[in-house]
Amino acid sequence: MNASESPPGHRLRSRRMKVTIVGVAVAITASVTVATASFGSSSGAEGATPLTQVVPKPVSVRTTGNVAFDLDRGDAVYATGGSADAKAAAEFVAGLLRKPTGFALPVRTLTGGAKPEGIVLALGGANKVTHAEGYQLDVTSKAVTIQADARAGLFNGVATLRQLLPAKVERQQRTAGPWRVQGGRITDQPRYGYRGAMLDVARHFLPEPDVRKYIDTIARYKINYLHLHLIDDQGWRLEIKDWPELTKTGGASGVGGMNGGFFTQEQYTSIVRYAWARGVTVIPEVEGPAHMHAALASYGKLNCDGKALEPYTGFVPSPEGRLCLDDPDTYELMDAVIGQVAALTPGPYIHVGGDETQDIPEADRDAYFTKIAKLVEKHGKKIYGWQDAAGSMPAAGSMTGFWAAGINDDRVIAAAEAGGKVVMAPSAHTYLDMKYDETAPEYPIGNSWAGTSTVEDSYGWKPEEQLAGLPENAIAGVESALWTETIFGIRQAEDLAFPRLLSVAEIGWAKASAHDWNTFRERLAAQGPRLREARVNYYQAPDVPWPLGS
Ligand code: TNX
């Protein structure tokens, strides 16, 4: 519906009928009318979020001065006919908007001649967007049209639209409009195809609703991969059929003996589906050959001496958590785990760990990952591992997670030169478990071995400058990591992740020339009320000018 064309009195009249007995409310409504009348003639977009306020920053934004779109009761969400992807994006956006608006927002098929009123998800079409993740978003008085060439582009367009609607759109209860979007056009595509968020559910288990909430938030900022750290010394968090002790014994607790738990295969599948329905692909991590104390405590036969370890609840890595590298049982376990995880995961990658394996002789490390790589290939997936495993995994088609210079650098570079890709997750900037500041209110949550990290620190880095000699075209993208040794539950997780994860999202999405802390912190501040409305906990970092009350 048309904000600039529709008589403002129309909307106000119906609202006034609802509030006739509340004199004060009538007076407020009247004063809004005056405000709209006095400024509205020059701008039909009164009160709308500026198109420039999006995080991560879009490639190009053009505002059409006095045009705005108002989502109304009679509007629908249209999807290109015959496309399951367009329908999925349409269902997603309709599902988001129905609760706060109270509108029916039926999903309809887009037909050739008709001029739709509402939200349009158009796949393909005349104005081709050339990047698989790119989109074009056009706002006229009649419709918001998101055009893309592929599913991912549509979901990225939807993430942008969410931020252009008023912050109250994030509410879970029905709320009065207007649901106004500034007129104009955004044309956008990412710098990198990989924008990941790693979540450690092993150190302290985070149950399904917490993981879903995390997915909801990362999807708002166009993060397209959720890397789930499912296994570590302190906990085994995924049911593996025929190996019940892994979760019974290995999943019973976490750091400090707290927060045990695990996902059944059904729960894991439902997380994978939930993520995909929001444009996020799950990458499961099967750790090894170190950080495997939970498995070694679950089965005696996995230990070189045949005796099960006591479960480990310490904070630092277990000194005993190394698999028995020559034992066939080790590879029987890994075949079962990788096979089952691959079958449950539609995404292309399996992460195979490699954390803290530098003290394993290189030949042994190579032998282990050669066997693991064969299993990953046998089960139809691509291999992803921490930089410690670089050079031990076959380079072609692989992905390496870089977290600090000085570990295996030559092998990381050699793998990149031989066709492997590298994900940049420098711990000093992207490890979300680092404290913001030793004295900040969230203390004592968080680690500090990579230093403290302010929001500005999380934004102030360049992927191409982290490892001298790394070919730039080998960089697949960026990843933020939230390790949970110090974290209990989603509120603490969110406090550390937000807003810093938004910095990493922008570093990964926006082109290098667009990175600018001073304008970013303003756009970031505008996310405060949105996160608040969505009941996402975030740290009110002093380096960001949060609006009053957010
Ligand atoms: C490093 S860098 C780790 C994790 C810890 C984290 C704590 C890397 C691959 N591993 O095992 O949880 O530090 O900040």
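The figures here come from the full heavy-atom set of this structure, side chains too, leaving out hydrogens, waters and symmetry mates. One-based numbering, in listed order, for ligands and for the atoms of each.
Protein heavy atom in closest approach to atom 2 (S) of ligand 1: Y431 OH, 2.9 Å. Atom 8 (C) of ligand 1 has D355 OD1, 3.4 Å as its closest protein atom, hydrogens excluded (heavy atom only). The nearest protein atom to atom 1 (C) of ligand 1, hydrogens excluded, is given as W449 CZ2, 3.6 Å; this is a heavy-atom distance.
Taking 4.0 Å as the cut-off, H291 counts as a neighbour of ligand 1 on heavy-atom distance.
What you find for W546 and L524 is that their closest heavy atoms are CZ3-O, 3.5 Å.
Distances below 4.0 Å separate heavy atoms of M434 from the following atoms of ligand 1: 14 (O). Ligand 1 places these atoms under 4.0 Å from at least one heavy atom of R203: 4 (C), 5 (C), 11 (O), 12 (O). Proximity to N447 (heavy-atom distance under 4.0 Å) selects the following atoms of ligand 1: 7 (C), 14 (O).
The side chain to side chain donor-acceptor pair (under 3.5 Å) with Y221 is formed by just one residue from the set Q527, Q163, E506; it is Q527. Of the options F488, F262, F263, a ring-ring contact (aromatic ring centres under 6.0 Å, His included) to F205 is made by F263 and by none of the others.
In terms of polar-atom proximity, D433 is counted as a contact of ligand 1, with an N or O under 3.5 Å from an N or O of the ligand. Where the criterion is an N or O separation shorter than 3.5 Å, residue side chain and backbone included, E485 meets it with respect to ligand 1. For E356, no nitrogen or oxygen atom sits less than 3.5 Å from a nitrogen or oxygen atom of ligand 1, counting backbone and side chain alike.
Between H227 and Y384, the distance from one ring center to the other falls under 6.0 angstrom.
For E494 and R535, the salt-bridge test fails: no basic side-chain N is under 4.0 Å from an acidic carboxylate O. Note on D210 versus K213: no salt bridge recorded, every NZ/NE/NH1/NH2 to OD/OE distance being 4.0 Å or above.
For NZ of K248, the number of neighbouring non-hydrogen atoms (other residues, nucleotides, ligands) closer than 6.0 Å is 12 at most.
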